[in-house]
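Structure first, commentary second.
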Amino acid sequence: MLDFEGEKSKANLLNSETKDPFQSWVVPTRSPDTIGGTPFKSPRKKILAKTSDDLEELVRSSKAGELKTVIRDCYWSLNDPVRSRLWLLLASRHSSGNLEEQGSLEEMYWDTVKQIFGSVKLPNSLQLPALTDQRHENTYNLTETGILAAKRVVNIVAFNSPDITYAPLLYPISCLLLHYLSEVDTYKCLTTLLSSRKILFFTQTNRHYEANWKTVMTLSKKFMKSVLVFISKNFEDQKATDRFFQNWIWFILEDLPFPYLVRVLDNYLFDGRKAIYRVWLALLKMFHRRLSSFSSSTSLEETFRKFCQDPQISPEKLIKQAYSIRGLKAVEIDQIFLKHEMYLKSNSKISIRPHFARSLSSDAIPPSQCQQTLQQNSKTITVREFWSLWSWLPIRITVYQPTLLFTSEEHGYSLTTLFTKVENHSPTVIIIKTSMGEVFGAYCSSPWRKRNEKAAFGSKQGYFGTGETFVFTLLPEMNKYPWVGIEGSTSNDSKGTGLFMAADNYMLVIGGGNGQAIYIDADLRFGNTDTCLTFNNRPLCPTKDFEIQVIEVIGFVGCETP
């Protein structure tokens, strides 16, 4: 476990007098004011940079017009500590109260951290929640500790906002904010921006993300028509153009050098998505002028990425060009966005690319109340482990709410009682916590009442179930072992790869073939785990033989079988 308190105390040393404004979890660079290692010069004409006190006064007095001018035209170098205050102030404008006075948010953050992770210390590893796009994980020179802090922030946002099903910008924006802000202040910023009703900062569903890039395409056709005509004539086909616009935001967040991103974020925290749209249109315009310097043999995306990596103008000039585009109004943007959103909704079709993670196509995440209820009743898993288990479920099952059907803590240690509680539910998840603290189990695809059905020739049912069945471990490590299928076995052992579930009055078995993944006795007290051909799993606990401390079965509301 990493010592968060140590990192926190270092971060607290940051103040308006500090020469190095970056948080302790930022990798030191040769010079903060560089582009690709080459220093760039500050603009000759600039408004005298305001202090953090000046900015706070503008925010408190609600002088939005003057503040807008300052944000667009002021020049602060990257090593100016004003941003540690500026970004908090800009975020606070989108809240009903002063962001730094929201003590409840800080308290909620650490309470949730303890609830999910058991401690405020950073764990050695963290997974991003399903609402992110794990193909885009640019960390912008954060240290290992900084990356873990960013992941933890996004996990807490996901937990406290279960209605958000797809927000791919949350993670990269978190990483950028953490350069100047503490972990808690980063969480406050994100929470405030997400709750803003007047300005959209993050798309929060897959449909919104789809409508967003289509809005960008529509605006590009209107304001940069000549550029789009040139692109259509010189680069590939319509599918390539669509893909180009689908990736528009990543050209900015992943290809623009860091000094540009900081200035973009200054304006983004004031204007929301409109600032990003303006930057995009400015980049398109400059790209058109420089096309002659690029090889015609490269693809459109590759050519544009190369351009963004070296725009050959200062960040200040990019912002100036972005805000020189006239006629781009928030009202029009909202109308175009709504039009695309309604069209997508009426057609019930979202163009997900095949290599997208499953979470992007699923808006089914269990409500926080449901998670909390399960957490209060379950003695085997934490919310963090439940999230991992949830991500392994078949997509169609994630539209249902999980419910605790059986727990030995309440219903006792009897296999007969367990079957009585669960046999009419399908699917079910069995979770075992051993006396040594290991946690493992199985996703069972068929109802357990099938154990009583007759097989061919009137004999009693042996193994049953389908290839959706899998076994898993949650503690001390998380692993999923799916069905290997016939392809995963040799001709001599192929009969052992279809042995999913079996049970009678004396035992319950999952997996078979040269061993059983899980065997449990009739008293629900002792069991055994071994490698089996069905799942090609390792033993689910090191000792193989185990004593059960708690056994639970989770079902899904609406999945009862008559």
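Atoms considered below: every heavy atom in the structure, side chains included; atoms not considered: hydrogens, waters and symmetry mates.
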Which residue, Trp280, Phe245, Trp248, Trp250, forms the ring pair (Phe, Tyr, Trp, His ring centres under 6.0 Å) with Phe304? Trp280
Asp185 and Arg85 ion-paired at < 4.0 Å: no
Check Ile554 against Pro402 and note the closest heavy-atom contact, atom names and distance. CG2-CB, 3.9 Å
Heavy atoms, side chains only, cut-off 4.5 Å: are Ile71 and Leu269 in contact? no
Should the ring pair Tyr140 and His179 be called parallel, tilted or perpendicular, given that the plane angle runs from 0 to 90° and is split at 30 and 60? perpendicular
Do Leu67 and Arg93 touch side chain to side chain, with heavy atoms closer than 4.5 Å? yes
Between atom CE of Met286 and atom SG of Cys308, what is the distance when rounded to the nearest 0.5 Å? 8.0 Å
Taking all non-hydrogen atoms of both residues into account, name the closest pair between Ala158 and Leu131 and its distance. CB-CD2, 3.4 Å
Do Pro311 and Leu318 come close enough that some side-chain heavy atom pair is under 4.5 Å? no
Let's go through Arg243 and Leu300 carefully: what are the C-alpha distance in whole Å and the side-chain angles of both, what is the deciding distance for side-chain contact (heavy atoms from CB on, under 4.5 Å) to 0.1 Å, and is it a yes or a no? CA-CA 10 Å; Arg243 188 170 59 251; Leu300 174 59; over 6 Å; no
Could you check if a side-chain atom of Ile333 sits within less than 4.5 angstrom of a side-chain atom of Leu328, using non-hydrogen atoms only? yes
May I ask you to say whether Glu316 pairs ionically with Arg263, meaning some side-chain N is under 4.0 Å from a carboxylate O? yes
Quick one: does Val70's side chain get under 4.5 Å of Lys63's, heavy atoms only? no
Passes ring-ring contact (aromatic ring centres under 6.0 Å, His included), Phe337 versus His208? Steps please. CA-CA 8 Å; Phe337 183 86; His208 281 175; 5.7 Å; yes
Does the side chain of Arg152 come within less than 4.5 Å of Tyr109's, by heavy atoms? yes
Going through the distances and angles, do Val113 and Ile156 end up as a side-chain contact (heavy atoms from CB on, under 4.5 Å)? CA-CA 7 Å; Val113 167; Ile156 302 304; 3.9 Å; yes
Would you say the side-chain atoms of Asn160 and Tyr187 include a donor-acceptor pair closer than 3.5 Å? yes
Within this structure, what is the CG-CG distance for the pair Leu253 and Asn247, rounded to the nearest 0.5 Å? 11.5 Å
If every non-hydrogen atom of Phe258 is compared with every non-hydrogen atom of Leu78, which pair is closest and at what distance? CD2-CD1, 3.9 Å
Is the side chain of Ser196 donor-acceptor paired with the backbone N or O of Thr192 at a distance under 3.5 Å, no angle test? no
Side-chain contact, heavy-atom cut-off 4.5 Å: Glu106 with Lys188? yes
Can you label the angle between the Phe251 ring and the Phe244 ring as parallel, tilted or perpendicular, going by 30° and 60°? tilted
Reference residue Lys151; test side chain to side chain contact (heavy atoms under 4.5 Å, CB included); the match among Thr139, Leu128, Leu122: Leu128
Residues in salt bridge (Lys or Arg N to Asp or Glu O under 4.0 Å) with Arg83, at least two apart? Asp266
Between Tyr277 and Asn212, is a side-chain hydrogen bond (donor to acceptor under 3.5 Å, both in side chains) present by the stated rule, with each step listed? CA-CA 10 Å; Tyr277 290 168; Asn212 197 40; 2.4 Å; yes
Quick one: closest heavy-atom pair of Phe202 and Leu194, and the distance? CD1-CD2, 3.6 Å
When rounded to the nearest 0.5 angstrom, what distance separates CD in Glu56 from OG in Ser61? 10.5 Å
On a heavy-atom basis, which atom in Leu178 and which in Glu183 lie closest, and how many Å separate them? CD2-CA, 3.8 Å
Once the angle between the rings of Trp87 and Tyr180 is folded into 0 to 90°, is it parallel (under 30°), tilted (30 to 60°) or perpendicular (over 60°)? perpendicular
Decide side-chain contact (heavy atoms from CB on, under 4.5 Å) for Leu265 and Ile173; before the verdict, give the C-alpha distance in whole Å, the side-chain angles of both, and the deciding distance to 0.1 Å. CA-CA 9 Å; Leu265 202 60; Ile173 296 297; 3.9 Å; yes
Within a strict 4.5 Å, meaning less than it, do heavy atoms of the Pro123 and Leu148 side chains meet? no
From Leu169 atom CG to Gln204 atom CD, the distance as rounded to the nearest 0.5 Å: 11.0 Å
Quick one: CZ on Phe117 to CG on Asn155, what's the gap to the nearest 0.5 Å? 4.5 Å
Residue pair Trp76 / Leu55: nearest heavy atoms and the distance that separates them: CZ2-CD1, 4.1 Å
Can you spot which of Lys329, Lys274, Arg273 makes a side chain to side chain donor-acceptor pair (under 3.5 Å) with Asp334? Arg273
From Glu254 atom CD to Glu137 atom CD, the distance as rounded to the nearest 0.5 Å: 10.0 Å
Might you work through the side-chain contact (heavy atoms from CB on, under 4.5 Å) test for Ile313 and Gln321, ending with a clear yes or no? CA-CA 10 Å; Ile313 64 170; Gln321 291 201 24; 4.3 Å; yes
Applying side-chain hydrogen bond (donor to acceptor under 3.5 Å, both in side chains) to Tyr209 and Asp133, what does each step give before you reach the verdict? CA-CA 12 Å; Tyr209 184 79; Asp133 186 342; 5.6 Å; no
